[in-house]
Amino acid sequence: MSFSVLGTGMYVPPKVVTNEDISKLVDTSDEWIVQRVGVKERHISTNETAAEMGYKAALEALENSGVAKEEIDMIIAASVSGESISPSVSCMIQNLLGVKCMAMDVNAACSAFVFMLETIAGYFARGKVKKVLVIGAERLSRVVDWDDRGTCVIFGDGAGAVVLGEGDNYIDAVFHVRGGSDIIDIPQFIGKSPFFEKEQKKPYIHMRGQETFKFAVKSICRDCKTLLKNHDLTFDDIAYIVPHQANKRIIDFASVMLKIPEEKFYLNIERFGNTSSASIPIALDEMNRKGMLHKGDLLLLPAFGGGLASAACLLRW
Ligand code: COA
């Protein structure tokens, strides 16, 4: 026993920030951002927290699944941009929903959606849960250094959610972690202890772009190929690859290296930017509502990012 997806939801804040808007803040251009990243615009929160966006995505997913909030046994959420370390984002969403179920967060940055699915598969396997809400909710505009043109052009805010129920449609996943803060780092406030001697690094996203890029392409290719090989499948058996939306060029490279057409990848980064843990559930919700997903379709969901961590899972719709 693992689970099946019963419904999907998403929420993005109404304010749209275009590349032209960003080029008024830092020395960049629409042309550069489109060519190097593939983003035209992103949604940026003006007054909503990560948890509030996650709550709105959860409501959409509940409605789409036909599951009542009282039926949910557990909320599992991820965010690298929640407003507090405690309460966790999942606890804040539980509070907003007004339910009493168990709630916890998983921290695996942009790969977190797949880490959450694997975690929750264990709860289903042990018969501990029947219905679960899985949510990625990010206000990355809070942790972006708006003076750093190498990062502020990439990210966006938003939340995606799925409702899971008992079933056998989560097939398998692979994970890789290469721990360290040298390539991607989002430091917290280190405190004011008079005894601690290290210097505070700015509490924003620090990223070595080219190393991240190479890690991402390598991870997608390796993780997708491993899953297919382990299950005696080929890319022809896969309806769609729904990758973490980090950078369109990463997908371009992966599609060339894997020798599969780019149409096999679902891409929406042009409109949302990189929304970290929210990007895969947002993409799934769009595909679901467009009627692109059919019962029995096999999907590959590869993700990668801070940690460094990468993951991919094979899911039957
Ligand atoms: N606008 C204009 N120029 C920019 C720029 C911007 N927004 N950001 C960087 N540049 C400049 C640099 O200053 C540099 O200028 P220089 O040659 O005069 O020194 C030049 O562009 C090339 O910089 P570089 O960092 O080598 O560019 P790049 O081609 O690697 O692109 C990224 C930068 C960040 C877009 C790219 O590395 C990337 O997308 N990496 C992966 C990021 C990612 O996916 N992160 C999320 C992981 S989950």
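For the single chain, residues carry numbers from 1 onward in sequence order. Atoms within each ligand, like the ligands themselves, are counted from 1 in listed order. What you are looking at is a predicted structure, and each value in this text was computed from that prediction instead of being measured.
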*With sequence neighbours left out, what residues match Gln200 under side chain to side chain donor-acceptor pair (under 3.5 Å)?*
none
*Closest heavy-atom contact between Asp168 and Ser4?*
N-OG, 3.8 Å
*Quick one: does Gly150 get a heavy atom under 4.0 Å from ligand 1?*
yes
*From atom 21 (O) of ligand 1, work out which of Trp32, Phe155, Phe304, Phe215 has a heavy atom at the shortest distance.*
Trp32
_Exercise check, heavy-atom protein proximity under 4.0 Å to atom 27 (O) of ligand 1_ = yes
_Less than 3.5 Å apart, any donor N or O on the side chain of Arg222 or His176 sitting next to an acceptor on the other?_
yes
*Within a distance under 4.0 Å of any heavy atom of Cys110, pick out the atoms of ligand 1 and give their elements.*
48 (S)
*Determine if the distance from atom 18 (O) of ligand 1 to the closest protein heavy atom is below 4.0 Å.*
no
*Is Gly209 close to ligand 1, meaning an N/O of one under 3.5 Å from an N/O of the other?*
yes
*asked:* Taking 4.0 Å as the limit for heavy-atom contacts, which would you say applies to Val37 with ligand 1: side chain only, backbone only, both, or neither?
replied: side chain
_Heavy-atom protein contact below 4.0 Å for atom 5 (C) of ligand 1_ = yes
*Look at Lys69 together with Glu63 and state whether they make a salt bridge at an N to O cut-off of under 4.0 Å.*
no
*asked:* Heavy-atom distances under 4.0 Å decide this one: backbone, side chain, both or neither, for Ile33 against ligand 1?
replied: neither
*Contact atoms of ligand 1, heavy-atom distance to Asn274 under 4.0 Å*: 46 (C), 48 (S)
*asked:* Out of Gln210, Arg249, Arg208, who is nearest to atom 24 (P) of ligand 1 when you count heavy atoms only?
replied: Gln210
*Could you walk me through whether Phe265 and Tyr240 pass ring pair (Phe, Tyr, Trp, His ring centres under 6.0 Å), step by step?*
CA-CA 6 Å; Phe265 290 87; Tyr240 288 104; over 10 Å; no
*Would you check, one step at a time, whether the test ring pair (Phe, Tyr, Trp, His ring centres under 6.0 Å) holds for Tyr170 with Phe124?*
CA-CA 11 Å; Tyr170 180 72; Phe124 276 103; 9.7 Å; no
*Given the side-chain rings of Phe175 and Phe115, with only the six-membered ring counted for Trp, is the space between their centroids under 6.0 Å?*
yes
*May I ask you to say whether Asp145 pairs ionically with Lys202, meaning some side-chain N is under 4.0 Å from a carboxylate O?*
yes
*Is the side chain of Asn169 donor-acceptor paired with the backbone N or O of Phe3 at a distance under 3.5 Å, no angle test?*
no
*Hey, is Glu166 close enough to Lys131 for a salt bridge, meaning N to O under 4.0 Å?*
no
*Quick one: which ligand 1 atoms are inside 4.0 Å of a heavy atom on Thr212?*
43 (C), 45 (N), 47 (C)
*Can you confirm whether something in the protein, heavy atoms only, sits under 4.0 Å from atom 8 (N) of ligand 1?*
yes
*Exercise check, heavy-atom protein proximity under 4.0 Å to atom 46 (C) of ligand 1*: yes
_Salt bridge check, Lys40 against Asp30: does any charged N sit closer than 4.0 Å to a carboxylate O?_
yes
*State the atoms of ligand 1, each with its element, that fall below the 4.0 Å cut-off from a heavy-atom position in Val153.*
7 (N)
*Closest to atom 13 (O) of ligand 1 among Glu31, Arg36, Arg149, Met207 (heavy-atom distance)*: Arg149
*Output yes when the distance from some N or O of ligand 1 to some N or O of His244 is under 3.5 Å, and no in every other case.*
no
*Can you find an N/O atom of Asn247 closer than 3.5 Å to an N/O atom of ligand 1?*
yes
